[in-house]
Amino acid sequence: MPNMVDYEKTYREFRHQVPEYFNFARDTFDVWAQDPNKLAMLWVDDFGNERRFTFKQFSELSKQTANFFNSLGVKQGDRILVILPRLPEWWVIYLAAIRAGIIFIPGTTQLTSKDIKYRVETAETVMVITDEDNAAKVEEIKGELPVLKHLVIVGKREGWLSLNEEIAKFSPEYEAANTKSDDPAIIFFTSGTTGYPKMAVHTHASYPIGHYITGKYWLDLTPDDLHWNMSDTGWAKAAWSSFFGPWICGAAIFVHHSVGKFDAKKTLELLAKYPITTFCGPPTAYRVFVLEDLKKYKFPHLRHCVAAGEPLNPEVIKVWKEATGLTIRDGYGQTETCVLVANFPCFEVKPGSMGKPAPGYYVSIIDDEGNELPPGKEGNIAIKVKPERPVGLFKEYWKNPDKTAEVFRGDWYLTGDRAIKDEDGYFWFVGRADDVILAAGYRIGPFEVESALVEHPAVAEAAVVASPDEIRGEIVKAFVVLAPGYSPSEELVKELQEHVKKVTAPYKYPREIEFIDALPKTVSGKIRRVELREREWAKKLGKKK
Ligand code: ATP
Ligand code: MG
């Protein structure tokens with residue numbers, strides 16, 4: 001049974017308890033580890049290998065690792081960059097860093113030498129930990145980085161300390177650093193959907209305590225669940241749903257270490273094969289799942305599905321529900337925050353809406369002057385930070401007071417996203433502020449038009465952007481990836497335009513449609529509308545928007 005709490009009451013009454021000192025490894029994780037048999041992770045790879053880890057094993061491995069880090073002179077407040085695929089060591093290092101008060105910075109394995117250099121330099125990291133596949137990229141730039149003192153590898157390589165060989169030399173006893181709740185604990189790079197990634201600093205409370213809401217109320221986790229979150233280790237989403245969310249609740253996590261690219265069939269097979277009870281995938285993955293023959297699969301253990309990271313098209317919710325009986329519950333948040341707005345299991349989903357505010361946050365729609373807007377009016381999604389700052393909010397952008405000041409305005413934290421709240425308190429995502437189209441005096445959010453297009457059987461994916469137009473200022477232009485079996489034609493353009501006019505307000509229909517093989521995306525699979533927009537403006541006007 002899902003957690004059928006009374007939403008209104010929980011929302012009104014919920015308060016996090018934040019002590020002055022808090023260390024997640026000691027104060028949360030090790031409490032679950034008191035049960036020596038409690039499963040923390042079921043790990044599988046593409047070659048049929050399976051490994052199981054208990055909370056106790058992770059606790060001890062992380063203590064050995066913390067001892068090893070300290071022996072190198074890496075200490076509380078230092079920063080380390082960890083670039084690993086989904087290997088169990090990633091979780092061990094994460095816990096060890098928190099335990100020792102060392103600031104953990106995750107990076108995706110798709111980082112280039114240049115990206116790594118930028119990260120090491122700006123965050124002044126004293127150690128990089130990576131695997132054999134990525135070590136050469138670090139070696140290429142190591143000579144230019146005097147701040148980088150230690151190279152540690154999962155595996156073996158000359159010039160590198162082998163993590164597993166080293167930690168075997170250390171004791172599984174460790175007294176955790178007595179970290180203050182407000183001390184920095186993790187630095188995340190944002191996804192870089194709109195531009196260069198920003199470095200968001202989280203504290204020993206903001207994610208480690210704030211994600212209680214994510215785990216308990218949105219992911220709906222209990223100590224008996226096995227939760228699978230697909231996201232790459234490099235992003236904040238892994239901290240949400242593969243680390244803090246589940247482990248705060250004592251749930252076990254399922255990890256699939258894949259060597260190749262995302263494979264929808266393989267993912268569905270794993271979901272059918274293992275006793276996974278709750279699942280979190282990005283909308284981009286669900287959009288591919290619904291193109292598969294879902295009738296072929298049975299998911300006997302699965303009871304709850306969520307999505308986050310991008311808006312989730314209603315059509316995808318519908319098809320998934322028809323096939324599995326389960327409603328995908330969309331959740332909205334950012335690297336800078338825990339879950340802010342979501343479709344919690346205790347209330348009905350309105351397909352296409354992100355749901356209602358998470359307990360612990362006052363979320364509102366405000367105009368550019370900071371005034372709250374009534375239901376039905378589009379505005380900025382903002383979080384109230386005065387008189388009380390919500391626990392799950394990041395501390396600041398790393399060494400970037402200007403950027404930090406841009407998003408904290410008066411009583412509010414501005415997300416940079418636009419939405420509408422309806423009379424029932426549900427939030428409807430319109431788009432990132434920069435993605436909203438201004439056509440002949442109308443404001444048009446890309447998401448609604450994209451969702452209308454995706455409802456058509458010929459459309460696998462769509463991205464809608466502003467294209468310059470002499471008369472209207474901007475027009476709606478859609479880039480469409482066709483579903484298998486369809487090919488581009490003038491008739492199809494007309495058909496899609498008519499379809500959009502029918503399912504949404506006619507003025508929103510795309511006056512131009514271009515068929516494209518694939519949409520530009522971030523490493524984490526988010527559509528980069530900014531790229532399409534810039535291409536479009538350069539093509540038509542010879543300049544950027
Ligand atoms: P950058 O800030 O570097 O441009 P990013 O904003 O994509 O990248 P993230 O912090 O990973 O980096 O993503 C948060 C953003 O993703 C939100 O601000 C919002 O625009 C979008 N988003 C996340 N979840 C949802 C959702 N459920 N519905 C709509 N949009 C979402
Ligand atoms: Mg962002």
Take Y332 and E310 through the side-chain hydrogen bond (donor to acceptor under 3.5 Å, both in side chains) test and state the conclusion after the steps.
-> CA-CA 8 Å; Y332 163 83; E310 271 198 303; over 6 Å; no
Between S62 and R99, is a side-chain hydrogen bond (donor to acceptor under 3.5 Å, both in side chains) present by the stated rule, with each step listed?
-> CA-CA 8 Å; S62 69; R99 203 178 277 290; 3.1 Å; yes
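Around the NZ atom of K266, the shell of radius 6.0 Å holds more than 12 heavy atoms that belong to other residues, nucleotides or ligands. Taking a 6.0 Å sphere around NZ of K156, one finds it holds 12 or fewer heavy atoms contributed by other residues, nucleotides or ligands.
The two residues W398 and T122 come nearest to each other via the heavy atoms NE1-O, 3.0 Å.
Ring geometry, Y212 versus Y217: the interplanar angle exceeds 60°, so the pair is classed perpendicular (tilted spans 30 to 60°). Taking the six-membered ring where tryptophan is involved, the planes of Y207 and H211 are perpendicular, since the angle between them exceeds 60° and thus also 30°. Ring orientation note: the planes of W228 and H256 are nearly perpendicular, at an angle over 60° on the 30°/60° scale. Between W412 and Y362, the ring planes lie tilted relative to each other; the angle falls in the 30° to 60° range. Ring planes of H202 and F394: tilted class, angle from 30 to 60°. In this pair, W240 and W218 present their aromatic rings perpendicular. The plane angle is above 60°, beyond the 30 to 60° band.
A ring pair (Phe, Tyr, Trp, His ring centres under 6.0 Å) with F254 is found for exactly one of W43, Y274, F279, namely Y274.
Under a 4.0 Å N-O distance rule, the pair R15/E13 does not qualify as a salt bridge. Note on K403 versus E406: salt bridge recorded, some NZ/NE/NH1/NH2 to OD/OE distance being below 4.0 Å. Of the charged side-chain nitrogens involved, none lies within less than 4.0 Å of a carboxylate oxygen, so that K180 and D183 do not count as a salt-bridged pair. Taking 4.0 Å as the cut-off between side-chain N and carboxylate O, D225 and R303 count as a salt-bridged pair. Salt-bridge formation is not detected for the pair E175/R26: no Lys NZ or Arg NE/NH1/NH2 atom is positioned less than 4.0 Å from an Asp or Glu carboxylate oxygen. For D35 and K56, the salt-bridge test fails: no basic side-chain N is under 4.0 Å from an acidic carboxylate O. A salt bridge links K117 to E121: one of the charged nitrogens lies within less than 4.0 Å of a carboxylate oxygen.
The side-chain tip of R119 points at the ring of F189 from less than 6.0 angstrom away and within 45° of straight on. Note that K356 lies in the cation-pi zone of F347, set by a 6.0 Å cut-off to the ring centre and a 45° limit from the axis.
With hydrogens and angles left out, the side-chain atoms of T278 and H227 include a donor and acceptor closer than 3.5 Å. Looking at T193 and S191, their side chains never bring a donor and an acceptor atom within 3.5 Å of each other. Checking N229 against S242 by side-chain atom types alone, a donor-acceptor pair falls below 3.5 Å. Side-chain contact of K521 with T284: a donor-acceptor pair under 3.5 Å is present, judged by distance alone. Remark: the N23 side chain and the D27 side chain contain no N/O donor-acceptor pair separated by less than 3.5 Å. Side-chain contact annotation: D30 with S59, donor-acceptor N/O pair under 3.5 Å present. With no hydrogens or angles considered, a side-chain donor-acceptor pair links R287 and N313 at under 3.5 Å. Between the side chains of Y174 and E60, no donor N or O sits under 3.5 Å from an acceptor N or O. Y397 and D402 share no donor-acceptor pair across their side chains, judged by distance under 3.5 Å alone. Of the N and O atoms on the side chains of D46 and S258, not one donor lies less than 3.5 Å from an acceptor on the other residue.
Side-chain rings of F243 and W247 approach one another, their centers coming within less than 6.0 Å.
A donor-acceptor contact shorter than 3.5 Å is absent between the side chain of N67 and the backbone of N70. Distance alone, capped at 3.5 Å, places no donor-acceptor pair between the E336 side chain and the A200 backbone.
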